**Student:** 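Below are the structure tokens for one structure; questions will follow.
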2 protein chains.
Amino acid sequence: MFSIGELSRRTKVKVPTIRYYEEMGLLAEAERTSGNQRRYDKAGLERLSFIRHARDLGFSIEAILSLIELQDHPDRSCETATDIAVSQLSDVREKIKRLKLLEKELTRISKGCDGLGVSEDCYVLASLADHEHCENEH
Amino acid sequence: MFSIGELSRRTKVKVPTIRYYEEMGLLAEAERTSGNQRRYDKAGLERLSFIRHARDLGFSIEAILSLIELQDHPDRSCETATDIAVSQLSDVREKIKRLKLLEKELTRISKGCDGLGVSEDCYVLASLADHEHCENEH
DNA sequence: TCTTGAACCTCTAGTCACTAGAGATTGTAG
DNA sequence: CTACAATCTCTAGTGACTAGAGGTTCAAGA
Ligand SMILES: [Zn+2]
Ligand SMILES: [Zn+2]
Ligand SMILES: [Zn+2]
Ligand SMILES: [Zn+2]
């Protein structure tokens, strides 16, 4: 049994974040000492590691809630898990696509001005003022 | 002179968002009718288009505030504008880098399970439980 | 056993860029 | 003149935390 601080150190999840996850129902309510402090065991550590890893991969709290629900029922079909992973993947791909378009425009915009001129003639400002300068929709 | 609804239609920025931008100081306080409704002119339209375009490119409100400040002083050096654009570009590149790592892992994870099995044996859940399955840091 | 101070507790509020809704007032077409 | 869509202000909610106030508990050293 160890404290919330120790759990934090082991998982690299900040203490207030751990309490937040408990509030959100991601972590079961921890056992408490007689003085009302949280105590965790190996199961708590593993669950939080799972959450941490899923968050690092960009899954939402809501998605993680479903995944944990599933994890707690080993006999259920894992279809939902795959669905969630696939949908997360397509979200990520969408974001990459969008960011690549932005990268293109921002590269052009940045290159267009050396920062030595005056606001009035600035290519950055002109480009922002008029989307016609852009090569793509974004 | 046109109403906030008309401005909204022309810029594709929602009415409450326009009011929000005014509140944040991005838009000058609009003129008002005797009945207190906002009225805009060409200048207002252009400014909002600028804001919209910058937001589409991912600039923060704070960054846009600096850019607008600069735009209002045509004689100033445009160094800040380039700095902001360059920093935005590097933000975008960072994000792309990170998302590509996620894409890799998520592809592997998604492929590892067809959703036909049972939670206990699910590769998706196992991968989330243990970062050791991963090929990269993320 | 006592003391000190780091770690813990709860609660509220702030972040960013909006979005939603309530309840009241205004503008405008028929 | 009447309807009613559009506008107004104000408050609160979103997601995933983060910060801070003010109070309590734990554990190590004297
Ligand atoms: Zn410039
Ligand atoms: Zn553009
Ligand atoms: Zn599976
Ligand atoms: Zn991993």
Side-chain angles (χ1 to χ4, degrees), chain A residues 1-27 29-40 44 47-48 50-68 84 87-88 91-92 95 98 102 138, chain B residues 1-27 29-40 44 47-48 50-68 84 87-88 91-92 95 98 102 138:
Chain A
M1 298 297 256
F2 39 87
S3 70
I4 197 169
E6 180 62 23
L7 183 63
S8 170
R9 243 163 280 125
R10 293 201 206 179
T11 56
K12 319 280 179 207
V13 176
K14 286 178 191 159
V15 169
T17 306
I18 297 174
R19 293 198 273 249
Y20 170 73
Y21 287 161
E22 183 184 304
E23 176 112 336
M24 293 298 100
L26 288 180
L27 288 171
E29 293 198 9
E31 283 182 55
R32 302 286 183 130
T33 63
S34 58
N36 200 36
Q37 298 195 359
R38 291 170 180 82
R39 285 298 110 106
Y40 297 89
R47 168 144 296 184
L48 184 54
F50 180 96
I51 296 166
R52 166 91 216 260
H53 195 211
R55 286 293 303 129
D56 283 349
L57 286 164
F59 291 90
S60 70
I61 298 285
E62 204 195 340
I64 297 172
L65 221 43
S66 303
L67 293 168
I68 281 176
I84 289 171
S87 131
Q88 175 61 14
D91 275 16
V92 166
K95 278 187 187 145
R98 169 136 197 288
L102 297 196
H138 49 95
Chain B
M1 298 297 257
F2 39 87
S3 69
I4 196 168
E6 180 63 21
L7 183 62
S8 169
R9 241 164 281 124
R10 294 203 205 177
T11 55
K12 320 278 179 208
V13 177
K14 288 178 190 157
V15 169
T17 306
I18 297 174
R19 291 198 275 250
Y20 169 74
Y21 287 161
E22 183 184 304
E23 177 110 334
M24 292 299 100
L26 289 180
L27 288 170
E29 292 197 11
E31 283 181 56
R32 302 286 183 132
T33 64
S34 58
N36 200 36
Q37 298 195 359
R38 289 169 181 81
R39 285 299 110 104
Y40 297 90
R47 167 145 295 185
L48 184 54
F50 180 96
I51 296 167
R52 166 91 217 260
H53 195 211
R55 286 292 302 130
D56 284 348
L57 287 164
F59 291 89
S60 70
I61 299 284
E62 204 195 341
I64 298 173
L65 220 44
S66 302
L67 292 168
I68 281 176
I84 289 171
S87 130
Q88 174 62 15
D91 275 15
V92 166
K95 277 184 186 149
R98 169 137 196 288
L102 298 195
H138 48 97

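All heavy atoms count here, side chains included; hydrogens, waters and symmetry mates do not. As the structure is a computational prediction, the values presented were derived from the model and not from experiment. Chain letters run A, B, ... following the sequence lines, proteins first and then strands; every chain starts at 1.
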**Student:** Below 4.0 angstrom from OP1 or OP2 of C:dA17, is there any side-chain N or O of B:Thr17?
**Tutor:**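 For C:dA17, neither OP1 nor OP2 has a side-chain N or O of B:Thr17 closer than 4.0 Å.
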
**Student:** Which heavy atom of B:Ile18 sits nearest a heavy atom of B:Tyr40, and at what distance?
**Tutor:**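 What the structure gives for the nearest pair is CG2-OH, 3.7 Å.
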
**Student:** What heavy-atom pair brings A:Leu27 and A:Gly44 nearest, and what distance separates the two atoms?
**Tutor:**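 In terms of heavy atoms, the two residues are closest at CD2-O, 4.4 Å.
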
**Student:** Check side chain to side chain contact (heavy atoms under 4.5 Å, CB included) between A:Ile61 and all other residues, then give those that pass, not counting sequence neighbours.
**Tutor:**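 A:Ile61: side chain to side chain contact (heavy atoms under 4.5 Å, CB included) contacts with A:Tyr20, A:Tyr21, A:Met24, A:Leu26, A:Arg55.
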
**Student:** In whole Å, what is the span from the OH atom of B:Tyr21 to the C1' atom of C:dC18?
**Tutor:**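 From B:Tyr21 OH to C:dC18 C1': 8 Å.
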
**Student:** Could you check if a side-chain atom of A:Leu57 sits within less than 4.5 angstrom of a side-chain atom of A:Val92, using non-hydrogen atoms only?
**Tutor:**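 No - every pair of side-chain heavy atoms lies 4.5 Å or more apart.
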
**Student:** Looking at residues 55-64 of chain B, who's got a heavy atom less than 4.0 Å off DNA chain C?
**Tutor:**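 B:Arg55, B:Ser60, B:Ile61, in order of number.
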
**Student:** Any residue in residues 7-16 of chain B with a heavy atom nearer than 4.0 angstrom to DNA chain C? Just list them by number, or reply none.
**Tutor:**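 Contacts with DNA chain C under 4.0 Å: B:Lys14.
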
**Student:** Name all residues meeting the salt bridge (Lys or Arg N to Asp or Glu O under 4.0 Å) criterion together with A:Arg52; count only those two or more places apart in sequence or in a different chain, and write none if there are none.
**Tutor:**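 With sequence neighbours excluded, A:Arg52 shows a salt bridge (Lys or Arg N to Asp or Glu O under 4.0 Å) to A:Asp56, given in chain and number order.
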
**Student:** Tell me every residue that passes side-chain hydrogen bond (donor to acceptor under 3.5 Å, both in side chains) with B:Arg47, counting only those two or more places apart in sequence or in another chain.
**Tutor:**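 B:Arg47 satisfies side-chain hydrogen bond (donor to acceptor under 3.5 Å, both in side chains) with B:Asp72 only.
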
**Student:** Starting at CD of B:Glu23 and ending at C1' of C:dC18, how long is that distance when rounded to a whole Å?
**Tutor:**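 Spelled out: CD on B:Glu23 to C1' on C:dC18 is 12 Å.
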
**Student:** Tell me, please, which residues at least two apart from A:Glu22 pass side-chain hydrogen bond (donor to acceptor under 3.5 Å, both in side chains).
**Tutor:**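 Only A:Arg38 meet the side-chain hydrogen bond (donor to acceptor under 3.5 Å, both in side chains) criterion with A:Glu22.
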
**Student:** A:Tyr20 has an atom OH; how far is it from atom P of C:dT15, in whole Å?
**Tutor:**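 Whole-Å distance recorded here is 17 Å.
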
**Student:** Give the rounded distance in Å between these two atoms: CE of B:Met24 and P of C:dC16.
**Tutor:**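 Atom CE in B:Met24 sits about 10 Å away from atom P in C:dC16.
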
**Student:** Got a second to check how far B:Thr17's OG1 is from B:Ile51's CD1, nearest 0.5 Å?
**Tutor:**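 Separation between the atoms: 11.0 Å.
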
**Student:** Return the set of residues passing side-chain hydrogen bond (donor to acceptor under 3.5 Å, both in side chains) with A:Arg39 (not counting sequence neighbours), or none when no residue passes.
**Tutor:**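 If we apply the side-chain hydrogen bond (donor to acceptor under 3.5 Å, both in side chains) test to A:Arg39, skipping adjacent residues, the hits are A:Gln37.
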
**Student:** For A:Gln88, enumerate each residue passing the side-chain hydrogen bond (donor to acceptor under 3.5 Å, both in side chains) test, keeping only those at least two apart in sequence or located in another chain.
**Tutor:**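 Applying side-chain hydrogen bond (donor to acceptor under 3.5 Å, both in side chains) to A:Gln88 gives none.
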
**Student:** Could you list by number each residue of residues 32-39 of chain A showing a heavy-atom separation from DNA chain C of less than 4.0 Å, or answer none if no residue does?
**Tutor:**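 Only A:Arg32, A:Asn36, A:Gln37, A:Arg38 qualify.
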
**Student:** Could you list the residues that satisfy side chain to side chain contact (heavy atoms under 4.5 Å, CB included) with B:Ser66, not counting sequence neighbours?
**Tutor:**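 For B:Ser66, the residues satisfying side chain to side chain contact (heavy atoms under 4.5 Å, CB included) (neighbours in sequence not counted) are B:Ile84.
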
**Student:** Using distance only, find each side-chain donor-acceptor pair of residues 5-16 of chain A under 3.5 Å and give its atom names and separation, not counting sequence neighbours.
**Tutor:**
residue: A:Glu6; atom: OE1; partner: A:Arg9; partner atom: NH1; Å: 2.7
residue: A:Glu6; atom: OE2; partner: A:Arg10; partner atom: NE; Å: 3.0
residue: A:Ser8; atom: OG; partner: A:Val13; partner atom: O; Å: 2.7
residue: A:Thr11; atom: OG1; partner: A:Leu7; partner atom: O; Å: 2.8
residue: A:Thr11; atom: OG1; partner: A:Val13; partner atom: N; Å: 3.3

**Student:** Extract, from 5' to 3' on DNA chain D, the first and final nucleotides lying under 4.0 angstrom from some heavy atom of chain A.
**Tutor:**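 Both ends considered, the range comes out as D:dA16 to D:dC26.
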
